[in-house]
Amino acid sequence: MLRFDTITALRHHLSSLRSEQRTIGLVPTMGALHEGHLTLIDTARRENDVVVSSIFVNPVQFNNADDLARYPRTLEEDCQKLELAGCDVVFAPSVAEMYPESPTLKINFGELEIVMEGAFRPGHFNGVGIVVAKLFNIIQPDRAYFGQKDLQQVAVIRQLVRDLSIPVELVRCPTIREADGLAMSSRNRNLSPDEREQATALFKALTLARELLADGHSPSQAKAAVTGFFTGNPHFRLEYVEVVNADTLTLANEVLAPGQTAICLAAHLGNVRLIDNLVF
């Protein structure tokens with residue numbers, strides 16, 4: 001596995017691979033890798049000749065300085081995991097390499113900016129859009145792989161690709177969960193042992209909502225049940241719960257066709273903000 005920390009060196013290497021007509025799959029990450037990331041690598045490995053993974057904690061997408069400071073950084077451990085998983089190239093630039101000057105570009109994603117994550121993290125998706133556009137421009141992958149856990153991020157990147165006519169195929173991969181249902185996330189490392197046990201409540205709440213919807217209850221009734229579920233759990237502060245179209249993230253007033261309904265939520269547990277969703 002090769003590791004690059006400069007854009008110029010990475011571009012030079014990938015140019016030689018493209019001249020050999022080799023397809024490139026990209027798995028963008030912010031590090032602190034877990035089995036969910038490695039599943040993305042495995043999928044990319046099966047579908048491409050070359051797998052590239054980026055490791056970059058993108059400061060532009062954080063609107064909370066403490067959240068940025070707490071984000072785990074485990075570069076050497078991450079590189080070992082990637083090599084064992086069959087990754088070919090790691091791109092791990094510094095902030096100065098990615099942003100020689102603070103970016104002034106503003107990307108407006110319309111309705112996606114003001115619902116769910118957009119409503120509670122102003123500027124977040126502008127930062128996501130900038131860094132992903134830069135990675136797509138630098139690496140020029142044939143395919144890029146993202147986890148379903150960040151469902152709204154996938155929708156934002158889909159719009160970015162469509163609006164800018166970026167020639168990349170987006171692949172959304174299923175959420176990988178722990179045995180007790182907790183969605184794997186780099187932020188889980190920041191949970192205390194007690195909080196880690198309590199964190200399973202997110203999946204329980206999503207499962208409750210899905211069962212209610214499957215039994216014919218309305219989205220508003222399912223959302224009310226989730227709100228009540230967390231009201232009775234003082235360890236959590238629920239930020240939002242929504243039932244939406246899984247592709248467009250527009251609010252759903254009823255259960256949609258199979259695979260098109262998503263229940264999404266975000267909640268604070270101690271100092272850790274957790275998100276999760278179920279698509280059915």
Side-chain angles (χ1 to χ4, degrees), residues 36 40 61 63 107-129 132 144-163 169-177 181-185 187 199-233 236-269 273-280:
L40 298 179
Q61 70 188 65
N63 60 344
I107 306 175
N108 188 329
F109 290 99
E111 289 296 314
L112 289 172
E113 289 272 7
I114 59 175
V115 298
M116 297 194 303
E117 293 298 289
F120 289 92
R121 303 181 68 184
H124 170 66
F125 288 123
N126 175 69
V128 169
V132 172
Y145 297 79
F146 297 89
Q148 179 184 294
K149 190 182 79 68
D150 295 303
L151 187 66
Q152 192 167 1
Q153 176 177 273
V154 176
V156 162
I157 295 168
R158 185 186 298 116
Q159 183 174 332
L160 180 79
V161 167
R162 181 178 62 245
D163 288 356
E169 176 189 346
L170 297 186
V171 182
R172 189 182 85 191
C173 299
T175 300
I176 304 300
R177 299 183 180 278
L182 178 65
M184 292 188 180
S185 169
R187 296 175 188 271
T200 59
L202 270 74
F203 185 62
K204 292 175 183 175
L206 289 170
T207 302
L208 168 65
R210 181 178 61 185
E211 291 173 349
L212 288 172
L213 291 170
D215 286 343
H217 291 81
S218 68
S220 61
Q221 290 172 321
K223 289 165 55 177
V226 170
T227 300
F229 178 89
F230 282 107
T231 299
N233 192 327
F236 286 88
R237 177 167 62 84
L238 180 66
E239 238 178 27
Y240 67 77
V241 55
E242 297 291 356
V243 180
V244 299
N245 181 299
D247 291 326
T248 66
L249 300 196
T250 55
L251 295 180
N253 296 318
E254 59 184 1
V255 175
L256 307 175
Q260 291 299 303
T261 305
I263 313 160
C264 305
L265 61 77
H268 290 264
L269 176 57
R273 183 177 184 274
L274 300 171
I275 66 172
D276 201 356
N277 63 78
L278 279 181
V279 176
F280 67 99

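- Across all their heavy atoms, A225 and L212 have their closest contact at CB-CD1, 3.4 Å.
- Looking only at side-chain heavy atoms (C-beta outward), L151 and R172 come within less than 4.5 Å of each other.
- Between N277 and V244 there is no side-chain heavy-atom pair separated by less than 4.5 Å.
- Between the side chain of Q152 and the backbone N or O of V115, at least one donor-acceptor pair lies under 3.5 Å.
- Sparse packing is recorded around CD of E111, with 12 or fewer heavy atoms of other residues, nucleotides or ligands lying under 6.0 Å away.
- Two residues are said to be in side-chain contact when any heavy atoms from C-beta on lie closer than 4.5 Å; L112 and F125 fail this criterion.
- Counting heavy atoms from C-beta on, the side chains of F109 and L160 come closer than 4.5 Å.
- The two residues L40 and Y145 have their closest heavy-atom pair at CD1-O, 4.0 Å.
- Judged as a side chain to side chain donor-acceptor pair (under 3.5 Å), not a single pair has a partner in residues 201-211 (not counting sequence neighbours).
- Inter-residue side-chain proximity for I275 and D150 is flagged as met; some heavy-atom pair is nearer than 4.5 Å.
- Taking every heavy atom of both residues into account, K149 and A183 meet most closely at CD-CB, 3.6 Å.
- Of the residues Q61, E239, E113, R273, the one that meets the side-chain contact (heavy atoms from CB on, under 4.5 Å) test with R121 is R273.
- When all heavy atoms are compared, the tightest approach of L238 to V241 is CD2-CG1, 4.2 Å.
- Taking CG of L278 as the reference point, atom CG of L208 lies at 11.0 Å (rounded to 0.5 Å).
- Of all non-hydrogen atoms in V226 and A205, the two that sit nearest each other are CG2-O, 3.6 Å.
- In this structure D276 satisfies the side-chain hydrogen bond (donor to acceptor under 3.5 Å, both in side chains) test together with R177, sequence neighbours excluded.
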Go through the steps for L213 and I263 under the test side chain to side chain contact (heavy atoms under 4.5 Å, CB included), then give the verdict. CA-CA 10 Å; L213 291 170; I263 313 160; 3.9 Å; yes
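- The shortest side-chain heavy-atom distance between Q148 and V154 does not fall under the 4.5 Å cut-off.
- Heavy-atom contacts from other residues, nucleotides or ligands closer than 6.0 Å to CG of D215 number more than 12.
- If you run side-chain contact (heavy atoms from CB on, under 4.5 Å) between V243 and each of L256, V255, N253, T261, only T261 comes through.
- Between I114 and A119 the shortest heavy-atom distance is O-CB, 3.5 Å.
- The stretch residues 248-268 participates, sequence neighbours left out, in no ring pair (Phe, Tyr, Trp, His ring centres under 6.0 Å) pair at all.
- Of the possible donor and acceptor atoms, none in the side chain of T250 sits under 3.5 Å from a partner among the backbone N and O of N245.
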